[in-house]
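First up is the structure itself, then whatever we jot down about it.
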Amino acid sequence: MSPNLSKTTTYDGISRFNHWIIAVAIIGMIGFGFYLSEFLESGPGKGQLIGIQKAVGVLVLIFGLWRVGYRLKQGFLEDATVMPTWQRLTSKLVHIVLLAGIIVMPLSGIIGSYFGGRTTSVFGLFTIPAGDKVEAFSAMGHWLHGACGWLMVGALVLHVAGALKHHFVDHDSTLTRMIRQQ
Ligand code: HEM
Ligand code: HEM
């Protein structure tokens, strides 16, 4: 196989590492975020957990910038198999939504917090200062955070359903090439 062909049909180790680290982080953070906003009563314990959500979210943003930058630099791979046009387009659209979400989710959280006049301490390593309170920007950040969270859930359902269908129904290499060197 020529080097050029293998570059466009398999994920390198860095891509696979980046994909699964961010997958675990984003799924965990979405679950954690909805738990905080929908199921947890207000109180000091909640404040502490929100602090953890904010600190981990900033670390996810830092790693996410590297992960998204690496994909943009490399470009998307060719599909592992021949698919109908609607499936090809849906899969690409979902990948773009997920990549954008990796950045927009933490950034909108930071905007909501900053313009809400709240600091974000990242485990004592560094602190994002509080900005002047601007209610409209803070509300926009919070709204975007929630709306984008739901959009990510929808995209993820399609994404995981697609991966499972390729593996168990079509028996092609779409999932395995994201798991090991082909
Ligand atoms: C259990 C969860 C997940 C599974 C089983 C899964 C599976 C896969 C598979 C099989 C591919 C390769 C598709 C192809 O080459 O055509 C892929 C690519 C991709 N996945 Fe996931 N994924 C999961 C979670 C996530 C999450 C949480 C995100 C983002 C937040 C994500 C973002 C992406 C992106 C952007 C691609 C395109 C290639 C790349 O940039 O890595 N995935 N995923
Ligand atoms: C990967 C990064 C992140 C993901 C996936 C994520 C996801 C979520 C989700 C799904 C929610 C529930 C929906 C909502 O109430 O808006 C939420 C809540 C929240 N997130 Fe994030 N978040 C991330 C990072 C951040 C960051 C960086 C901050 C702030 C610096 C932040 C602050 C908050 C706050 C304050 C809440 C509201 C909790 C409540 O309503 O009681 N998040 N997050």
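The first residue of the sequence shown is numbered 1, and numbering continues consecutively from there. Just follow the structure's listing: the first ligand is 1, and inside any ligand the first atom is 1. Computed from a predicted structure; not experimentally measured.
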Against the six-membered ring of Phe76, is Lys92 placed for a cation-pi contact (under 6.0 Å from the centre, within 45° of the normal)? yes
Evaluate whether atom CZ of Phe137 has more than 12 neighbouring non-hydrogen atoms of other residues, nucleotides or ligands under 6.0 angstrom away. no
Would you mind running through ligand 2 and noting each atom that sits below 4.0 Å from a heavy atom of Val60? 1 (C)
Looking only at atom types and distance, does a side-chain atom of His145 sit under 3.5 Å from a main-chain N or O of Met105, one as donor and one as acceptor? yes
Among protein heavy atoms, which sits nearest to atom 29 (C) of ligand 2, and what does the distance come to when rounded to 0.1 Å? Lys54 CG, 3.2 Å
With heavy-atom distances below 4.0 Å as the criterion, list the atoms of ligand 2 near Thr120. 30 (C)
Please check if any side-chain donor atom of Ser138 sits under 3.5 Å from a side-chain acceptor atom of Lys133, or the reverse. no
Arg71 versus ligand 1: do any nitrogen or oxygen atoms come within less than 3.5 Å of each other? yes
Are there more than 12 heavy atoms of other residues, nucleotides or ligands under 6.0 Å from atom CZ of Phe123? yes
The closest protein heavy-atom partner of atom 2 (C) of ligand 2 is Pro106 CD, 3.7 Å
Suppose we measure from atom 36 (C) of ligand 1 to each protein heavy atom; which comes out shortest, and what is that distance? His95 CD2, 3.7 Å
Do Asp79 and Thr81 meet the criterion of a side-chain donor-acceptor pair at a distance under 3.5 Å? no
Going by the order shown, which atoms of ligand 2 are within less than 4.0 Å of some heavy atom of Lys46? 41 (O)
Can you establish whether the number of heavy atoms outside Phe126 located under 6.0 Å from its atom CZ is more than 12? yes
Just by distance, do the side chain of Lys54 and the backbone of Thr119 share a donor-acceptor pair under 3.5 Å? yes
Starting from atom 9 (C) of ligand 2, locate the nearest protein heavy atom and write down its residue, its atom name and how far away it is, to 0.1 Å. Gly33 CA, 3.6 Å
Could you identify the single nearest non-hydrogen protein atom to atom 4 (C) of ligand 2 and state the distance to 0.1 Å? Met29 CB, 3.7 Å
Using a 4.0 Å cut-off to any heavy atom of Arg177, which atoms of ligand 1 qualify? 14 (C), 15 (O), 16 (O)
Ligand 2 to Gly57, heavy atom cutoff 4.0 Å, flagged ligand atoms 24 (C), 27 (C)
Judged by non-hydrogen atoms, does His166 sit under 4.0 Å from ligand 1? no
Give me the nearest non-hydrogen protein atom to atom 32 (C) of ligand 1 as residue plus atom name, then the distance to 0.1 Å. Leu98 CD1, 3.6 Å
Under 4.0 Å, counting heavy atoms only: does Arg67 come that close to any atom of ligand 1? yes
To 10°, measure the OE1(Gln53)-atom 21 (Fe) of ligand 2-NE2(His145) angle for me. 170°
Quick check on contacts: which atoms of ligand 2 are under 4.0 angstrom from a heavy atom of Ser37? 12 (C), 13 (C), 15 (O), 39 (C), 40 (O), 41 (O)
So is Thr174 touching ligand 1 or not, going by heavy atoms under 4.0 Å? yes
Of all heavy-atom pairs between Leu36 and Gln53, which one has the smallest distance, and what is that distance? CD1-CB, 3.7 Å
Nearest neighbour in protein (non-hydrogen) for atom 5 (C) of ligand 1: Trp20 CH2, 3.8 Å
For ligand 2, which atoms sit closer than 4.0 Å to a heavy atom of Ile26? 1 (C)
Can you name the closest pair of heavy atoms from Val68 and Leu99 and give their distance? CG2-O, 3.7 Å
Atom 1 (C) of ligand 1 has as its nearest protein heavy atom Val160 CG2, 4.0 Å
Correct closest heavy-atom pair for Thr174 and Asp172 would be OG1-OD1, 2.8 Å
What are the two closest non-hydrogen atoms of Ser15 and Gln74, and how far apart are they? OG-OE1, 3.6 Å
Please tell me if the side chains of His19 and Arg71 come closer than 4.5 Å, counting only heavy atoms from C-beta onward. no
Nearest candidate to atom 16 (O) of ligand 2, where distance is taken over non-hydrogen atoms, out of Gly149, Gly146, Gly116: Gly146
Quick test: of every protein heavy atom, which one is nearest to atom 38 (C) of ligand 1, and how far off is it to 0.1 Å? Tyr11 OH, 3.5 Å
Atom 7 (C) of ligand 2 [closest protein heavy-atom partner, distance rounded to 0.1 Å]: Met105 CE, 3.3 Å
Has Arg118 got more than 12 heavy atoms of other residues, nucleotides or ligands less than 6.0 Å from its CZ? no
I'd like to know whether ligand 1 has Leu99 as a neighbour, heavy-atom separation below 4.0 Å. yes
Is it the case that the ring center of His171 lies less than 6.0 angstrom away from the ring center of His166? no
How about His159: does one of its N, O or S atoms come closer than 2.8 Å to atom 21 (Fe) of ligand 1? yes
Phe34 heavy atoms within 4.0 Å reach ligand 2 at atoms 10 (C), 11 (C), 12 (C), 13 (C)
Tell me, which protein residue and heavy-atom name are nearest atom 35 (C) of ligand 2, and how many Å apart are they? Ile50 CG2, 3.8 Å
Give the residue and atom name of whichever protein heavy atom lies nearest to atom 26 (C) of ligand 1, and the separation in Å to one decimal. Leu156 CD2, 3.6 Å
Per-atom contacts, ligand 1 versus Ala23 - under 4.0 Å to a heavy atom: 24 (C), 25 (C), 26 (C), 27 (C)
At their closest point, which heavy atom of Arg16 faces which heavy atom of Arg177, and how far apart are they? CD-O, 3.6 Å
Answer with yes or no whether the side chains of Asp12 and Tyr70 bring together a donor and an acceptor at under 3.5 Å. yes
